[in-house]
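Inspection log for the structure reproduced underneath, given as structure tokens.
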2 protein chains.
Amino acid sequence: MTTSTYDEPAAAVAAAGRACDVAASADQQDVPWLTSDQLRAWVGLISVAELLPARLDSQLQRDADLTHFDYQVLAMLSEAPERTLRMTGLAQRTSATLPRLSHVVKRLEVRGLVERLPCPGDARATNAHLTDLGWDTLVRTAPGHVRTARELVIDVLTDEQVAQLEAITSALLTRLDPEDRLLRRNR
Amino acid sequence: MTTSTYDEPAAAVAAAGRACDVAASADQQDVPWLTSDQLRAWVGLISVAELLPARLDSQLQRDADLTHFDYQVLAMLSEAPERTLRMTGLAQRTSATLPRLSHVVKRLEVRGLVERLPCPGDARATNAHLTDLGWDTLVRTAPGHVRTARELVIDVLTDEQVAQLEAITSALLTRLDPEDRLLRRNR
DNA sequence: CGGCATCAGTTGACACGTCAACCATTTCGA
DNA sequence: TCGAAATGGTTGACGTGTCAACTGATGCCG
């Protein structure tokens with residue numbers, strides 16, 4: 001049972017893995033457990049993935065009453081021709097489900113940051129359009145957001161690490177986003 | 001206004017940044033915008049931070065009706081002496097607020113995976129204890145979780161990249177988790 | 001044309017996290 | 001030793017995301 005007393009969260013996951021070696025040999029495929037190096041990287045990554053979005057949300061919430069997701073929606077629209085996108089396209093660019101996007105856009109519309117228009121070409125579709133107020137809000141909010149991005153990530157790393165991070169996330173996204181919905185690399 | 005048509009999400013954030021240069025020079029501090037390299041790394045990171053937790057949740061939900069956070073709670077308890085931790089300590093180890101943990105532990109207790117006991121030393125405190133059922137559940141669930149960790153992250157990267165990722169996340173956590181780990185409504 | 005499958009999007013019920021308020025216990029200073 | 005403040009934890013209301021069901025429009029194939 002190996003019940004030594006670990007202090008670090010990393011060890012907890014490891015212990016569960018070790019326990020599995022004992023119990024799971026029967027009906028589970030052999031899954032090689034992580035080395036201690038791999039384990040540290042894994043725990044680090046999931047910790048960052050847990051804490052970073054919360055920080056972004058709280059900064060944007062405080063400064064502009066926006067979710068990070070709200071911000072991304074506004075940002076995508078600000079880039080689009082006519083500042084307009086169909087709901088489906090917007091959902092893909094923000095990695096969101098359609099129901100989620102629908103709810104969010106509805107709230108943004110109530111606040112006057114976005115408006116919904118029927119799509120001329122296809123009566124089923126809806127176009128989301130960034131209003132002037134939405135644009136102004138985005139412009140006003142961007143600097144603080146960038147500052148946060150620098151404080152929490154960019155300025156903490158060396159240029160070399162930034163380059164490494166780009167390569168690593170790019171590799172991960174081939175698994176996490178196989179359909180390339182984020183349109184990061186449109187082949 | 002520079003309204004060229006960008007295809008990449010990365011550009012969207014950039015545009016907002018550029019716009020800010022125009023409008024915000026008056027009352028905002030000068031925030032140097034991100035270079036294209038930095039921008040790619042940033043967008044990659046927030047994409048991963050958005051997608052990875054969702055994947056972990058859905059795998060664990062499917063296989064064991066557990067949230068990734070539930071899993072982490074069980075894992076931390078499995079490591080602790082007597083498989084027992086006080087709520088506050090558990091909250092720190094899982095980067096959770098106390099209310100969140102309280103709700104989660106209540107649900108886990110209903111399912112019989114955890115039990116709550118008054119703390120002998122301090123009548124205010126509560127001890128959370130992993131039951132045998134909880135241990136078995138964790139043991140049964142771990143292999144699939146490890147497999148997912150490999151498929152989505154570890155096996156996608158070279159050994160060198162894993163090492164780089166460890167260094168990078170370690171650096172980021174000095175900012176994201178500067179000893180806070182709870183301290184919600186202080187002062 | 002008629003009928004069926006698919007697509008685009010919305011809605012509502014439910015689950016989870018957050019926040020503020022709250023209670024009980026403990027600590028500490030005067 | 002008494003009372004105020006701090007600690008440990010729980011609860012309930014509210015906002016947001018998810019899923020399943022639904023509406024309406026479009027496309028397809030006979």
Side-chain angles (χ1 to χ4, degrees), chain A residues 49-51 53-62 65-73 84-111 114-129, chain B residues 49-51 53-62 65-73 84-111 114-129 180-187:
Chain A
E50 175 89 8
L51 296 176
R55 286 299 196 88
L56 299 180
D57 277 338
S58 84
Q59 178 261 314
L60 285 167
Q61 200 80 50
R62 179 165 40 75
D65 195 26
L66 288 175
T67 303
H68 183 225
F69 182 75
D70 294 337
Y71 182 89
Q72 287 179 308
V73 167
T84 298
L85 281 173
R86 288 177 49 165
M87 295 293 285
T88 299
L90 189 51
Q92 287 175 345
R93 284 174 174 71
T94 54
S95 314
T97 61
L98 215 31
R100 177 182 185 184
L101 182 65
S102 184
H103 283 137
V104 168
V105 169
K106 189 195 306 179
R107 291 168 211 146
L108 292 176
E109 187 174 36
V110 169
R111 296 170 58 180
V114 163
E115 56 187 349
R116 283 148 138 176
L117 306 167
C119 177
D122 187 337
R124 297 171 298 180
T126 303
N127 278 331
H129 172 247
Chain B
E50 174 89 11
L51 296 175
R55 285 298 197 89
L56 299 179
D57 277 338
S58 85
Q59 178 260 315
L60 285 167
Q61 200 80 50
R62 179 165 39 74
D65 194 26
L66 288 176
T67 304
H68 183 225
F69 182 76
D70 294 337
Y71 182 89
Q72 286 179 308
V73 167
T84 299
L85 281 174
R86 286 176 51 164
M87 294 295 283
T88 299
L90 190 51
Q92 288 174 344
R93 284 174 172 73
T94 55
S95 311
T97 61
L98 216 32
R100 176 184 186 184
L101 181 65
S102 184
H103 282 137
V104 168
V105 168
K106 189 196 306 179
R107 290 168 212 145
L108 293 176
E109 187 175 36
V110 169
R111 295 169 59 180
V114 163
E115 55 187 350
R116 283 150 139 174
L117 306 167
C119 177
D122 187 336
R124 296 170 299 180
T126 303
N127 278 332
H129 172 248
D180 193 12
R181 290 242 155 184
L182 183 63
L183 295 175
R184 214 64 198 107
R185 33 175 311 210
N186 44 356
R187 172 172 315 273

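Order of the sequence lines fixes the chain letters, A, B, ..., with proteins taken first and strands second; residue numbering starts at 1 for each chain.
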Given D/dA25, C/dT10, D/dG8, which nucleotide is nearest the side-chain atoms of B/Asp122?
D/dG8

Choosing from C/dA13, C/dG9, D/dT10, which nucleotide comes nearest the side chain of A/His103?
C/dA13

Inter-residue atom distance B/Leu98.CG - B/Thr126.OG1, 0.5 Å rounding:
9.0 Å

Report the distance from atom CD of B/Glu109 to atom C1' of D/dT10, rounded to the nearest whole Å.
12 Å

Look up atom CZ in B/Arg107 and atom OG1 in B/Thr67, then write down how far apart they are to the nearest 0.5 Å.
7.5 Å

Side chain to side chain contact (heavy atoms under 4.5 Å, CB included) between A/Ser102 and A/Arg116, intermediate numbers included
CA-CA 10 Å; A/Ser102 184; A/Arg116 283 148 138 176; 3.6 Å; yes

Length of the CE-P vector between B/Met87 and C/dA24, whole Å
19 Å

So, does A/Asp57 use its side chain to make a donor-acceptor pair with the main chain of A/His68 at under 3.5 Å?
yes

May I have the distance from A/Gln92 (atom CD) to C/dC7 (atom P), rounded to whole angstrom?
13 Å

From CG of B/Leu101 over to P of D/dT10, roughly how many Å is that when rounded to an integer?
8 Å

Compare the minimum distances between each of C/dT11, C/dG9, D/dG8 and the side chain of A/Pro99, then state the nucleotide with the smallest one.
C/dT11

Taking the side chain of A/Leu98 as heavy atoms from C-beta outward, which of D/dG17, D/dT26, C/dA8 is closest to it?
C/dA8

Between P on D/dT18 and CZ on B/Arg55, what's the gap in Å once rounded to a whole number?
14 Å

Using only side-chain N and O atoms of B/Arg100, determine if any of them is under 4.0 Å from OP1 or OP2 of C/dG17.
yes

Grab the CG-P distance between A/Asp57 and D/dG15 for me, whole Å please.
16 Å

So which one's nearest nucleotide on DNA chain D is more toward 5', B/Lys106 or A/Arg107?
B/Lys106

What is the distance, rounded to the nearest whole Å, between atom CZ of A/Arg86 and atom P of C/dC7?
13 Å

As a test of reading the structure: which of C/dG17, C/dA8, C/dT18 is closest to the side chain of B/Thr97, going by heavy atoms?
C/dT18

Whole-Å gap separating C1' (D/dT16) and CD (A/Gln61):
10 Å

N/O donor-acceptor pair, side chain A/Arg124 with base D/dT26, under 3.5 angstrom:
no

For A/Asn127 and for A/Ala54, find the nucleotide of DNA chain C with the closest heavy atom, then tell me which residue's nucleotide is more 5'.
A/Asn127

Do A/Gln92 and A/Leu85 come close enough that some side-chain heavy atom pair is under 4.5 Å?
no

